[in-house]
Engineer: 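Encoded as structure tokens, here's the structure I'll be asking about.
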Number of protein chains: 2
Amino acid sequence: MRVSKQTMERHHKEIIAIASTMLRERGVLGVGVADVMQAAGLTHGGFYRHFASKEALIAEATSAAFAEILDGLEKAAARKGATAALEDYISGYLSQRHVDQPSRGCPIPAFGADAGRESASIRAEFEAGVDRLLAWIAAGLRCAEAERTAKAIELLSLMVGAVVTARASGDQALSKKILAQGRRSAGNLVSV
Amino acid sequence: MRVSKQTMERHHKEIIAIASTMLRERGVLGVGVADVMQAAGLTHGGFYRHFASKEALIAEATSAAFAEILDGLEKAAARKGATAALEDYISGYLSQRHVDQPSRGCPIPAFGADAGRESASIRAEFEAGVDRLLAWIAAGLRCAEAERTAKAIELLSLMVGAVVTARASGDQALSKKILAQGRRSAGNLVSV
DNA sequence: CAGATAAGATGATATATATAATCTTTATTT
DNA sequence: AAATAAAGATTATATATATCATCTTATCTG
């Protein structure tokens, strides 16, 4: 049945929000259109009133995942300063919680590999998110202006790789070792 | 029809070899049992004479992917020395070729995120591969014995993250920038 | 308020999936 | 050489998939 414009708008946003968490939990091929709709309390039939294709949903959900995170980061930086916010971000990123719960975490370790196999429209959203994230990280670094972007890339690569490798290595000792070393390395990077 | 023991053994290895490249190209959910069998010149019906389940195939293919790479690395280290071999490995890892062609590349950026979602048997194979790779990297580092493992983890994390992020960021300028920075950072790591 | 419109539900289609049963053909064993 | 065993082919099953058509029912618009 038809719903009000406001309700439809709300549904639209809910679908995207659910897809953005499912994406990070299950990867691109692991999320089904019907799954997402059901989780939103709807049936699969209405999906194509909202999106032209699954690909379009993934693109929007990718953008939403980055936006959600970056909005939070920008608020944190405004509240406690760019450098302190960056330190919090790093310790959260390289935490056991982040490794265990990808659903609200960073999209890059969660489905960056998947995104690399997807269409240009999805990769473009991903790239925009990475760009924005790198700029935010750079702003929190205390080194010389000229080195900031380079260092931001180094730091992000290190963190992404540590989380991917820790997740893949099961819940054993190795996983924790990788995380702990990631924290040390990242700490050295930002302090120098 | 029945084939000789040798032929069956060959088929078995071919199936695993094909799965190990498909895995890296398409991820765990992207490889289908029938796809793999067809690529091996067989039909899907015979699959369960070779493997108990798709999961068993993925576990074996994961192990095979790491083994293939590490056998090559160990030969290279024997030929030209651990340190020189490590330098080659790093420059190959952070090359455009590796970013563009995951099929014969490192399993960690290719399907580490997928592996993290899979069963313990698959994660165990992955963990064993990471372990062996870290030991090989550590052997090529010229720093103090006590720091080697830590530095190997740092280096691998950095490289994995750079490749994942470069792949996800499309074929634009950002992707190349991430790779180039990865090479600089890795270079600094091994030289110090 | 009446009619148009459209969001979502229901149902259908076509394809893909992992797995299992059965059949065929051949290698192995006796 | 006959009997057996088994690898792979064929076929079947059950489920999942993305997408589309149609129907219902409510909102919006004139």
Side-chain angles (χ1 to χ4, degrees), chain A residues 1-23 25-62 111 114-115 117-122, chain B residues 1-20 22-23 25-62 111 114-115 117-122 125:
Chain A
M1 65 295 186
R2 188 176 190 176
V3 300
S4 73
K5 256 192 161 72
Q6 289 82 15
T7 305
M8 193 213 178
E9 180 106 354
R10 181 167 51 78
H11 286 170
H12 190 83
K13 283 180 180 156
E14 280 170 2
I15 294 168
I16 291 172
I18 285 164
S20 100
T21 74
M22 271 198 183
L23 250 184
E25 257 171 10
R26 313 184 185 177
V28 172
L29 296 179
V31 309
V33 166
D35 289 337
V36 174
M37 292 300 279
Q38 193 184 346
L42 300 170
T43 57
H44 63 283
F47 178 81
Y48 291 90
R49 303 274 169 172
H50 286 277
F51 305 95
S53 61
K54 178 182 168 180
E55 181 192 328
L57 169 67
I58 301 295
E60 287 210 49
T62 299
F111 66 99
D114 287 17
R117 299 180 194 110
E118 294 296 320
S119 67
S121 69
I122 292 169
Chain B
M1 65 298 184
R2 189 177 191 175
V3 300
S4 73
K5 255 191 164 73
Q6 291 79 18
T7 304
M8 194 213 179
E9 180 107 353
R10 182 166 50 79
H11 285 171
H12 191 84
K13 284 181 179 153
E14 282 169 0
I15 293 167
I16 291 172
I18 285 164
S20 99
M22 271 196 182
L23 251 184
E25 258 169 10
R26 312 184 187 176
V28 172
L29 296 178
V31 310
V33 166
D35 288 337
V36 174
M37 292 300 277
Q38 192 183 349
L42 300 169
T43 57
H44 63 284
F47 179 81
Y48 292 89
R49 304 274 169 172
H50 287 276
F51 305 94
S53 61
K54 177 181 169 180
E55 180 192 329
L57 169 66
I58 301 294
E60 286 211 50
T62 299
F111 66 99
D114 287 17
R117 299 177 194 114
E118 295 297 321
S119 67
S121 70
I122 291 169
E125 293 298 344

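Residue numbers begin at 1 in each chain, while the letters A, B, ... track the order of the sequences.
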Engineer: Within less than 4.0 Å of OP1 or OP2 of C:dT19, is there a side-chain N or O belonging to B:Tyr48?
Structural biologist: yes
Engineer: Would you mind telling me which of D:dT19, D:dG8, C:dA18 lies closest to the side-chain atoms of B:Val33?
Structural biologist: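 Per side-chain heavy atoms of B:Val33, the pick is C:dA18.
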Engineer: Would you mind reading off the distance between B:Met37 atom CE and D:dT10 atom P, rounded to a whole angstrom?
Structural biologist: 12 Å
Engineer: Do A:Met8 and A:His50 come within less than 4.5 Å of each other through their side chains, counting heavy atoms only?
Structural biologist: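 When only atoms from C-beta onward are counted, A:His50 and A:Met8 do touch, with a gap below 4.5 Å.
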Engineer: Checking B:Arg26 against B:Asp35 for the side chain to side chain contact (heavy atoms under 4.5 Å, CB included) test, could you report, in this order, the C-alpha distance in whole Å, the side-chain angles of both residues, the deciding distance, and whether it holds?
Structural biologist: CA-CA 11 Å; B:Arg26 312 184 187 176; B:Asp35 288 337; 3.4 Å; yes
Engineer: Could you check how far NE2 of A:His50 sits from C1' of C:dA9, rounded to whole Å?
Structural biologist: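 One finds 12 Å between C1' of C:dA9 and NE2 of A:His50, rounded.
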Engineer: Would you say that A:Lys54 contacts A:Val31 through its side chain, given a criterion of any heavy-atom pair below 4.5 Å between the two side chains?
Structural biologist: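 Answer yes - side chains close enough.
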Engineer: Evaluate A:Lys13 against A:Glu9 for salt bridge (charged side-chain N to carboxylate O under 4.0 Å, His left out), listing each step before the verdict.
Structural biologist: CA-CA 6 Å; A:Lys13 283 180 180 156; A:Glu9 180 106 354; 3.8 Å; yes
Engineer: Taking only nitrogen or oxygen atoms into account, show me every contact under 3.5 Å that the protein makes with nucleotides 11-15 of chain C, one pair per line with its distance.
Structural biologist:
unit_1 : atom_1 : unit_2  : atom_2 : d
C:dG11 : O6     : A:His44 : NE2    : 2.7

Engineer: Tell me the interatomic distance from A:Phe51, atom CZ, to C:dG8, atom P, rounded to whole angstroms.
Structural biologist: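 Distance check: A:Phe51 CZ to C:dG8 P gives 11 Å.
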Engineer: Starting at NE2 of A:His11 and ending at C1' of C:dA7, how long is that distance when rounded to a whole Å?
Structural biologist: 9 Å
Engineer: Specify the separation, in whole Å, of atom CD of B:Glu9 and atom P of D:dA6.
Structural biologist: 16 Å
Engineer: Work out which heavy atom in B:Ala39 is nearest to a heavy atom in B:Met22; give both atom names and the distance.
Structural biologist: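 Distance-wise, the nearest heavy atoms are CB-CE, 3.9 Å.
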Engineer: Heavy atoms from C-beta onward define the side chain here; which of C:dA7, D:dG8, C:dT19 lies closest to that of B:Leu42?
Structural biologist: D:dG8
Engineer: How would you label the contact of B:Thr7 with the nucleic acid (heavy atoms, under 4.0 Å): base, sugar-phosphate, or nothing?
Structural biologist: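 Since no nucleic acid heavy atom lies under 4.0 Å of B:Thr7, the category is nothing.
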Engineer: On a heavy-atom basis, which atom in B:Gly46 and which in B:Met37 lie closest, and how many Å separate them?
Structural biologist: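 It is C-CE, 3.9 Å.
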Engineer: Between protein and nucleotides 22-30 of chain C, map the contacts as a letter string: B base, S sugar-phosphate only, - none, heavy atoms under 4.0 Å, written 5' to 3'.
Structural biologist: B-BBBBS--
Engineer: Take atom CE of A:Met22 and atom P of D:dT17, then tell me their distance rounded to the nearest Å.
Structural biologist: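 These atoms are roughly 10 Å apart.
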Engineer: Between atom CE in A:Met8 and atom C1' in D:dC28, what is the gap in whole Å?
Structural biologist: 14 Å
Engineer: Specify the separation, in whole Å, of atom CD1 of A:Ile15 and atom C1' of C:dA9.
Structural biologist: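 That distance rounds to 14 Å.
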Engineer: Does A:Asp114 use its side chain to pair, donor to acceptor, with the backbone of A:Val28 at less than 3.5 Å?
Structural biologist: yes
Engineer: Is any side-chain heavy atom of B:Glu125 less than 4.5 Å from a side-chain heavy atom of B:Glu118?
Structural biologist: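 A side-chain contact under 4.5 Å is absent here.
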Engineer: Determine the contact category for B:Val36: base if any of its heavy atoms lies under 4.0 Å from a base atom, sugar-phosphate if only primed atoms, P, OP1 or OP2 are that close, otherwise nothing.
Structural biologist: nothing
Engineer: A:Val33 versus A:Phe51: any side-chain heavy-atom pair under 4.5 Å?
Structural biologist: no
